[in-house]
There are 2 protein chains.
Amino acid sequence: MSLGERKKRILQAIVDAYINTAEPVGSRAIANINAWGLSSATIRNEMSDLEELGYLDKPHTSAGRVPSALGYRMYVDQLMAQYRMTVDEISAIRLAMTMKLNELDEIMAQATKIISHLTSYTTMVTAPQMSKTAVKHIELYPIDAVSLVIFLVTGSGVAKNRSIRLKRPIDSIAVTRLSNLLNSKLAGHTIEEITFSKIQSIRNEMHGNEDIVIPILEQISECIHAIDNTAVYVGGANKIFDFPEYHDMQKAKQLLSFLDTKESVNEMLHMASQQQGIQKGNIHIIIGEQCGFLEMSDLSMMTAKYAVGDRIIGTIGIIGPTRMDYAKMVSSMELLTEAFNHILTQVIKEEKGDT
Amino acid sequence: MSLGERKKRILQAIVDAYINTAEPVGSRAIANINAWGLSSATIRNEMSDLEELGYLDKPHTSAGRVPSALGYRMYVDQLMAQYRMTVDEISAIRLAMTMKLNELDEIMAQATKIISHLTSYTTMVTAPQMSKTAVKHIELYPIDAVSLVIFLVTGSGVAKNRSIRLKRPIDSIAVTRLSNLLNSKLAGHTIEEITFSKIQSIRNEMHGNEDIVIPILEQISECIHAIDNTAVYVGGANKIFDFPEYHDMQKAKQLLSFLDTKESVNEMLHMASQQQGIQKGNIHIIIGEQCGFLEMSDLSMMTAKYAVGDRIIGTIGIIGPTRMDYAKMVSSMELLTEAFNHILTQVIKEEKGDT
DNA sequence: ATTAGCACTCCATACACGTGAGTGCTAATC
DNA sequence: GATTAGCACTCACGTGTATGGAGTGCTAAT
């Protein structure tokens with residue numbers, strides 16, 4: 001964009017001010033705060049231009065100006081000063097993120113809360129994608145004549161279990177045989193690689209018990225997909241009450257309901273990471289209604305991919321009002337994803353030469 | 001209480017009206033609605049008495065009357081008509097509660113949502129108490145040199161898994177041995193029954209690998225306790241926005257934050273079921289600040305125990321404004337807990353003669 | 001190109017006022 | 001003695017109006 005240098009600095013000052021106060025900023029405020037001796041009248045003229053160019057909006061005639069989505073975009077893109085975290089902030093984040101949890105579920109839930117707490121924005125985290133990782137170990141354990149538990153260990157070292165009830169009784173010897181069969185045939189493959197011929201070959205070897213194979217495979221597949229599809233963690237949803245723009249019940253309620261349905265959140269995060277937006281390092285920024293969800297109309301979203309090893313496996317997102325403190329948040333997000341990567345890499349081990 | 005019959009009926013009418021409208025009810029409204037030809041003046045006198053006796057409150061001089069906590073209590077205790085559910089309502093509940101989920105976690109979460117949806121109140125459900133059930137099967141599965149997964153099946157047929165990182169590498173043969181040892185020594189016992197001598201005897205047989213026993217046992221114990229302590233499911237927290245009394249942001253936020261911390265919810269449910277309150281069949285009703293949590297000052301809570309077999313294992317609670325529709329809710333809760341019992345009994349099998 | 005000055009706009013706040021729902025009391029009635 | 005009609009009084013709430021302040025836009029002077 002070919003904005004004059006002075007216009008840029010004024011725009012920057014306006015966005016900065018608005019981020020802090022959440023109130024329309026007037027020409028005088030800008031003139032006073034900055035040391036570059038310009039009068040309010042001059043600022044007014046420049047603001048008028050900026051409005052014409054679409055960077056600013058006016059709530060009404062005699063209010064100050066408010067950055068438009070385009071304004072924010074320019075701000076994030078070119079203007080905002082890089083936020084330097086204080087040593088305190090950095091160590092606070094580091095400290096908070098060194099958790100001593102062992103269960104993936106708990107880690108995710110906890111981390112989501114912590115990130116929300118540290119950023120003071122609502123945070124969403126999608127669980128690692130499981131369907132892409134290979135199954136490492138499958139085991140069936142009978143509970144009673146008609147129930148059994150399926151234990152799964154994925155190649156990335158995450159364990160899952162699920163119980164299943166069969167239509168008819170089955171003796172434990174058959175269960176053990178099936179358990180071994182499944183293990184030998186499926187280990188090392190991803191769910192998507194389980195072909196029809198593999199299924200048939202398993203069924204063939206289960207003389208007299210072919211009928212239980214399909215339901216069990218179904219459960220296994222569903223179990224893995226369930227993680228992918230529904231596991232979204234939302235933390236600090238209530239944080240939105242802290243923003244003056246969400247003092248309107250109606251809106252707050254709407255957003256909360258939205259965040260309550262995991263499917264929508266998942267979908268949104270997914271879209272967000274694909275949608276064109278502003279890229280700042282690994283951080284993806286989406287301003288205002290860009291993301292296509294009307295619940296998000298005056299919110300912005302910042303997403304980052306987290307990864308274990310070199311494989312991208314999930315998304316972290318934070319939601320805040322459009323006037324969120326982008327500069328600070330970008331720094332925080334960078335540090336947080338890094339820390340998060342680190343923790344997950346400890347817990348989830350990529351298969352590397354070992355069985 | 002020795003309230004005259006007429007006073008009782010008037011109180012009942014007032015509470016009924018207030019439950020519907022959420023607005024202070026005046027003498028004229030009562031006089032009009034009821035067919036027992038009394039003038040508003042008479043009603044006024046009676047209301048004045050009821051106020052003196054503590055059953056009614058007045059928000060301010062010229063507003064109508066509002067039931068006090070004592071008033072509600074009397075209402076629930078003696079006055080309210082038994083609500084008869086329509087066939088439609090009953091079958092709706094039945095239908096909703098027949099879910100096809102297999103994982104305990106999912107069932108709980110889903111059921112909580114459904115109950116909340118059906119009652120249109122915020123719902124909380126505590127997970128079944130695990131530490132009281134015996135361990136049925138333990139298995140360790142190595143992931144790499146220093147990580148392993150612990151699989152647990154409890155006597156009630158619920159499976160859990162958890163991964164753990166050891167301080168030092170351990171070979172898979174030792175893991176298998178420990179796995180077998182744990183299984184033979186601990187199966188059939190509850191966590192609370194694992195004595196020091198048992199631990200020692202296990203350690204003695206792990207020549208050269210004694211040091212890993214304790215951390216693993218620790219994880220097992222923590223895993224089981226974790227279920228008990230933190231597993232509270234909250235559904236429909238946003239429902240509170242639907243009540244006019246919670247149109248005040250401040251209050252709404254407070255309550256939401258409260259519901260967000262599982263510990264507090266758990267504690268509250270626990271207290272609630274012990275606290276003296278009004279008992280209606282299996283339903284326990286706590287009105288207003290009785291429960292001791294100030295966040296709950298103008299809310300009521302209704303709790304019910306659910307059980308599998310004859311063992312009480314958890315609590316279902318719903319939260320609503322003090323003017324909630326007690327009559328209807330008691331019926332609903334009865335039906336819901338019954339349905340919930342039924343589902344859980346299908347999923348969780350009590351140990352009965354089988355290993 | 002910048003600025004001082006001024007008229008104008010619009011919002012927020014406060015205040016006054018009328019209205020309606022409700023109470024409390026008293027005197028009349030059954 | 002219980003019930004009721006009637007009336008004065010209270011309070012919350014909505015509406016209309018005035019006022020002040022913050023901000024803009026324009027013009028003329030620097």
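Chain letters run A, B, ... following the sequence lines, proteins first, then strands; residues in each count from 1. As the structure is a computational prediction, the values presented were derived from the model and not from experiment.
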**Q** Specify the separation, in whole Å, of atom CD1 of A/Ile43 and atom P of D/dC26.
**A** 18 Å
**Q** Would you say a side-chain N or O of A/Arg6 is under 4.0 Å from OP1 or OP2 of C/dA1?
**A** no
**Q** Any chance you could lay out the ring-ring contact (aromatic ring centres under 6.0 Å, His included) test for B/Tyr246 and B/Phe241, step after step, and finish with the verdict?
**A** CA-CA 6 Å; B/Tyr246 270 76; B/Phe241 289 120; 8.7 Å; no
**Q** B/Lys239 and B/Ser116: side-chain donor and acceptor closer than 3.5 Å?
**A** yes
**Q** Does any part of the side chain of A/Met85, heavy atoms only, come nearer than 4.5 Å to the side chain of A/Ser332, both counted from C-beta?
**A** yes
**Q** Just the table, please: protein N/O against nucleotides 26-30 of chain C N/O, every pair under 3.5 Å.
**A**
none

**Q** Produce the list of close N/O pairs, under 3.5 Å, pairing protein atoms with atoms of nucleotides 13-18 of chain D; give distances to one decimal.
**A**
none

**Q** Answer whether the closest heavy-atom distance between the side chains of B/Met74 and B/Leu11 falls below 4.5 Å.
**A** yes
**Q** With no hydrogens and no angle check, is any side-chain donor or acceptor of A/Lys280 less than 3.5 Å from a backbone partner on A/Val76?
**A** yes
**Q** Does a salt bridge link B/Glu245 with B/Lys251, judged by any charged N lying under 4.0 Å from a carboxylate O?
**A** no
**Q** Has B/Lys58 got a side-chain N or O lying under 4.0 Å from the OP1 or OP2 atom of C/dA21?
**A** no
**Q** For the side chain of B/Ser39, starting at C-beta, report the closest nucleotide among D/dA5, C/dT23, C/dA4.
**A** D/dA5
**Q** Return the residues of residues 24-32 of chain A meeting this criterion: a heavy atom under 4.0 Å from some atom of DNA chain D. Order them by number, or give none.
**A** A/Gly26, A/Ser27
**Q** Between B/Tyr75 and B/Tyr18, does the ring centroid distance fall short of 6.0 Å?
**A** no
**Q** Starting the side chain at C-beta, find the nucleotide from D/dT4, C/dT2, C/dT23 nearest to B/Thr42.
**A** D/dT4
**Q** For the residue pair B/Ser264 and B/Phe258, what are the closest heavy atoms and their distance?
**A** CB-CE1, 3.4 Å
**Q** Starting from the C-alpha separation in whole Å, work towards a yes-or-no answer on salt bridge (charged side-chain N to carboxylate O under 4.0 Å, His left out) for B/Lys328 and B/Glu89.
**A** CA-CA 11 Å; B/Lys328 184 167 180 177; B/Glu89 285 173 317; 3.2 Å; yes
**Q** Check every atom of D/dG25, D/dA5, C/dG24 against the side chain of B/Arg65 and return the nucleotide holding the closest atom.
**A** C/dG24
**Q** Grab the CD-P distance between A/Glu23 and D/dG21 for me, whole Å please.
**A** 17 Å
**Q** Filter on salt bridge (Lys or Arg N to Asp or Glu O under 4.0 Å), then keep only pairs touching residues 18-46 of chain B, sequence neighbours left out; what's left?
**A** B/Arg6-B/Glu46, B/Lys7-B/Glu46
**Q** So A/Thr122 and A/Leu259, side-chain contact (heavy atoms from CB on, under 4.5 Å) or not? Walk me through it.
**A** CA-CA 10 Å; A/Thr122 301; A/Leu259 291 174; 3.8 Å; yes
**Q** How close or far is atom P of C/dT23 from atom CD1 of B/Ile10, stated in whole angstroms?
**A** 12 Å
**Q** Do A/Ser300 and A/Tyr326 have side-chain atoms, one donor and one acceptor, less than 3.5 Å apart?
**A** yes
**Q** From CG of B/Asp49 over to P of D/dT3, roughly how many Å is that when rounded to an integer?
**A** 11 Å
**Q** Rounded to the nearest Å, what distance is computed from the CE atom of residue B/Met47 to the P atom of nucleotide C/dA21?
**A** 16 Å
**Q** Ion pair present between A/Lys253 and B/Asp242, side-chain N to carboxylate O less than 4.0 angstrom?
**A** yes
**Q** From CH2 of A/Trp36 over to C1' of C/dA1, roughly how many Å is that when rounded to an integer?
**A** 17 Å
**Q** Under 3.5 Å, is there a donor-acceptor pair between the side chain of A/Ser39 and the main chain of A/Ala41?
**A** yes
**Q** Without swapping roles, check the side chain of A/His284 against the backbone of A/Met302 for a donor-acceptor pair under 3.5 Å.
**A** no
**Q** Check the distance between D/dG25's P and A/Leu56's CG and give it to me in whole angstrom.
**A** 11 Å
**Q** For B/Asp16 and B/Met80: C-alpha separation, side-chain torsions, deciding distance, then whether side-chain contact (heavy atoms from CB on, under 4.5 Å) applies.
**A** CA-CA 8 Å; B/Asp16 276 335; B/Met80 75 184 181; 6.0 Å; no
**Q** How long is the gap from OG1 on B/Thr303 to CD1 on B/Ile319, to the nearest 0.5 Å?
**A** 11.0 Å
**Q** Please write out each protein N/O paired with an N/O of nucleotides 5-15 of chain C under 3.5 Å, distance rounded to 0.1 Å.
**A**
| unit_1 | atom_1 | unit_2 | atom_2 | d |
| --- | --- | --- | --- | --- |
| C/dG5 | O6 | A/Arg44 | NH2 | 3.4 |
| C/dT9 | O2 | A/Ser62 | OG | 3.0 |
| C/dC10 | OP1 | A/Thr61 | OG1 | 3.3 |
| C/dC10 | O4' | A/Ser62 | OG | 3.4 |
| C/dC10 | O3' | A/His60 | ND1 | 3.4 |
| C/dC10 | O2 | A/Ser62 | OG | 3.1 |

**Q** Measure CD/A/Glu46 against P/D/dG25 and give the value in whole Å, please.
**A** 13 Å
**Q** Using C1' atoms of five pairs at each end, report the bend of the helix from C/dA1-D/dT30 to C/dC30-D/dG1 rounded to 10 degrees.
**A** 10°
